[in-house]
Number of protein chains: 2
Amino acid sequence: MATPRRIGAEDSKTREQLVDAAERLLLRDGYAAVSSRRVAAEAGLKPALVHYYFRTMDDLFLAVFRRRAEQNLTRLDRVLESPQPLRALWELSVEPSGTAFTVEFSALANHRKAIRAEIAEYAERFRQMQVEALTTRLPELGWDTDEMPPAAFVVLLTAISRVLAMEEGLGMSGGHAETLDLVERALTRLEGEAPQPE
Amino acid sequence: MATPRRIGAEDSKTREQLVDAAERLLLRDGYAAVSSRRVAAEAGLKPALVHYYFRTMDDLFLAVFRRRAEQNLTRLDRVLESPQPLRALWELSVEPSGTAFTVEFSALANHRKAIRAEIAEYAERFRQMQVEALTTRLPELGWDTDEMPPAAFVVLLTAISRVLAMEEGLGMSGGHAETLDLVERALTRLEGEAPQPE
DNA sequence: GTCTATACTTCGATAGAC
DNA sequence: GTCTATCGAAGTATAGAC
């Protein structure tokens, strides 16, 4: 028989605080900084609680990932139904915390094989949602989908936003202005000007 | 007075073996797997040697980074002078090990501040070399640099190759075929067909 | 230049009291 | 549900013999 080890409830408030703390550490200092002791300290709790709510640290990483992944899918849903979906999608894609999150988990997937499959599955789903939305939307906007199919459009948008955000995190900026201008002109051609803040 | 601690010579064969081992570990298992003990084991040497040649682990990381960075700059130089520089640049950019290297050090820069500046400086230099080459080359090929300036072209090429490689490492592939096809058509329009292997 | 030995820290994980 | 206490493994780094 396996050990009947106790595990805390999924809807616990304390558990949520631990996930919050782990996410903050992950974004601020990178995944290598997410240890059970540090997470506990960041949350103002005792280290043993981490292993009460999560059997292993991998379980904690997965909890952090899943929560954010679900939030992202929900936000994407809203974004794709907004009046200017391409513009809104771009705004969502360039959010620094979202990109930092993706980069950390991509690196983490390198040596935590258990997490890799889950990340890949989510990423495919996230992309597929965008492709489906753009498959009806792009032709309506007069986009030449023979020249650039929706799937390529989505990859391009993802690639540009992620690399700009990664590099900005490093403190580099060469070519960024020209690239942002390119994106802005494409968005304006497709969906018109961005709404001006009043 | 500071400690007169001994440090091994830079041209040592043993030192090189340690850098080799660290690079292998970095690419295979991620930066978190690069510890002094593991590097030594990977190199078939004793752990104490790591600290004989490198005062701290950060010094070792920097040695790995610098060696590869210099190799990359040299290769880039050759690539930009080849008969089909854009195609050659693309081939260089999609190399999986190069991208894995970049991603690991980007993540590493998150919590090893000492390394960040060095990475950013190299990256800017790498980009600038490409921009300069393409600034004369793209107009010769009939590219509309008003629509897409050389700097944006370089960022785009970097972004596409890096994201494709990152995702491939995760085991995801949605939209990749369409994107590769897009790149291939652009390269063919600019520089003609790829040379066929005999 | 390389070795053994070791000091000290931090880590994941668990047992068992409360 | 939370605590103290603790085990054993692994980490960085150094001292000093050879």
Side-chain angles (χ1 to χ4, degrees), chain A residues 1-22 25-26 28-64 104 107-108 110-115, chain B residues 1-22 24-26 28-64 104 107-108 111-115:
Chain A
M1 287 290 290
T3 315
R5 175 122 165 273
R6 293 190 295 163
I7 291 289
E10 286 227 7
D11 62 353
S12 155
K13 186 73 188 164
T14 301
R15 191 189 129 112
E16 196 185 339
Q17 287 173 11
L18 290 170
V19 176
D20 288 343
L25 280 174
L26 184 80
R28 188 199 309 146
D29 303 322
Y31 71 82
V34 183
S35 68
S36 55
R37 283 170 165 83
R38 282 209 240 188
V39 168
E42 172 77 18
L45 299 169
K46 298 294 174 182
L49 278 179
V50 174
H51 284 89
Y52 172 66
Y53 285 101
F54 306 94
R55 210 175 51 82
T56 67
M57 288 303 289
D58 272 14
D59 287 344
L60 172 54
F61 276 114
L62 274 179
V64 172
E104 284 303 322
L108 188 59
N110 243 350
H111 71 298
R112 305 262 192 161
K113 312 302 182 191
I115 295 179
Chain B
M1 286 294 290
T3 316
R5 176 121 168 274
R6 291 192 296 163
I7 290 290
E10 285 227 8
D11 62 352
S12 155
K13 187 73 188 164
T14 302
R15 191 189 129 109
E16 195 185 339
Q17 287 172 13
L18 289 170
V19 175
D20 288 343
R24 278 198 302 276
L25 280 174
L26 183 80
R28 189 199 308 147
D29 302 322
Y31 72 81
V34 183
S35 67
S36 53
R37 279 173 163 85
R38 282 210 240 187
V39 168
E42 173 76 19
L45 299 168
K46 299 295 174 181
L49 278 180
V50 174
H51 285 89
Y52 171 66
Y53 284 102
F54 306 94
R55 209 175 52 81
T56 67
M57 288 303 289
D58 272 14
D59 287 344
L60 172 55
F61 276 114
L62 275 178
V64 172
E104 285 302 323
L108 187 59
H111 71 298
R112 306 258 192 164
K113 312 302 181 189
I115 295 178

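Within every chain, numbering begins at 1; the chains are lettered A, B, ... in the order of the sequence lines, protein sequences first and strands thereafter.
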Might you point out which heavy atoms bring B:Val34 and B:Ala22 nearest each other, and give the distance in Å?
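Smallest interatomic distance, heavy atoms only, reads CG2-O, 4.0 Å.
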
Test salt bridge (Lys or Arg N to Asp or Glu O under 4.0 Å) applied to A:Asp58 - qualifying residues, sequence neighbours left out
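If we apply the salt bridge (Lys or Arg N to Asp or Glu O under 4.0 Å) test to A:Asp58, skipping adjacent residues, the hits are A:Arg112.
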
With a 3.5 Å cut-off and heavy atoms only, can you find an N or O donor on one side and an acceptor on the other between the side chain of B:Arg37 and the base of D:dT12?
yes

I need the CZ-C1' distance between A:Arg38 and D:dG11, as an integer number of Å.
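Rounding to the nearest Å, CZ of A:Arg38 and C1' of D:dG11 are 12 Å apart.
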
Can you tell me if NZ on A:Lys113 sees more than 12 non-hydrogen neighbours from other groups inside 6.0 Å?
yes

CZ (A:Arg28) with more than 12 external heavy atoms under 6.0 Å:
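Yes, enclosed.
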
Rounded to 10 degrees, the angle between the two terminal axes of the helix from C:dG1-D:dC18 to C:dC18-D:dG1, each from five pairs
0°

Measuring to OP1 and OP2 of D:dT2, would you say a side-chain N or O of A:Thr14 lies under 4.0 angstrom away?
yes

Value in whole Å for how far the C1' atom of D:dG11 lies from CZ of B:Arg112
11 Å

Euclidean distance, atom CD1 of residue B:Ile7 to atom P of C:dG1 [Å, nearest integer]
11 Å

So, is A:Ser36 near the phosphate of C:dC11, with a side-chain N or O under 4.0 Å from OP1 or OP2?
no

Output the distance between atom CG (B:Leu108) and atom CD1 (B:Ile115), rounded to the nearest 0.5 Å.
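Interatomic distance, B:Leu108 CG to B:Ile115 CD1, rounded to 0.5 Å: 4.5 Å.
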
Separation of A:Leu18 CG from A:Ser12 OG (nearest 0.5 Å)
8.0 Å

Distance in angstrom units between A:Tyr31 OH and C:dG12 C1', rounded:
17 Å

For residues 29-60 of chain B, pull every pair meeting ring-ring contact (aromatic ring centres under 6.0 Å, His included), keeping only residues two or more places apart or in separate chains.
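Those involving residues 29-60 of chain B are A:Tyr31-B:Tyr31, B:Tyr31-B:His111.
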
Hits for salt bridge (Lys or Arg N to Asp or Glu O under 4.0 Å) against A:Arg37, two or more places apart or cross-chain, chain-then-number order -> none

Euclidean distance, B:Glu42 CD relative to B:Arg38 CZ, rounded to 0.5 Å
10.5 Å

Interface with DNA chain C, restricted to residues 50-62 of chain B and to heavy atoms under 4.0 Å:
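Of all residues in residues 50-62 of chain B, the ones placing a heavy atom under 4.0 Å from DNA chain C are B:Tyr52, B:Tyr53.
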
CD on A:Glu104 to CG on A:Leu25, rounded to 0.5 Å
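Between atom CG of A:Leu25 and atom CD of A:Glu104 there are 11.0 Å.
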
Strand-adjacent residues in residues 42-49 of chain A, judged by heavy atoms under 4.0 Å from DNA chain D
A:Lys46, A:Ala48, A:Leu49

CG/A:Asp59 to CG/A:Leu62 distance, rounded to the nearest 0.5 angstrom?
6.5 Å

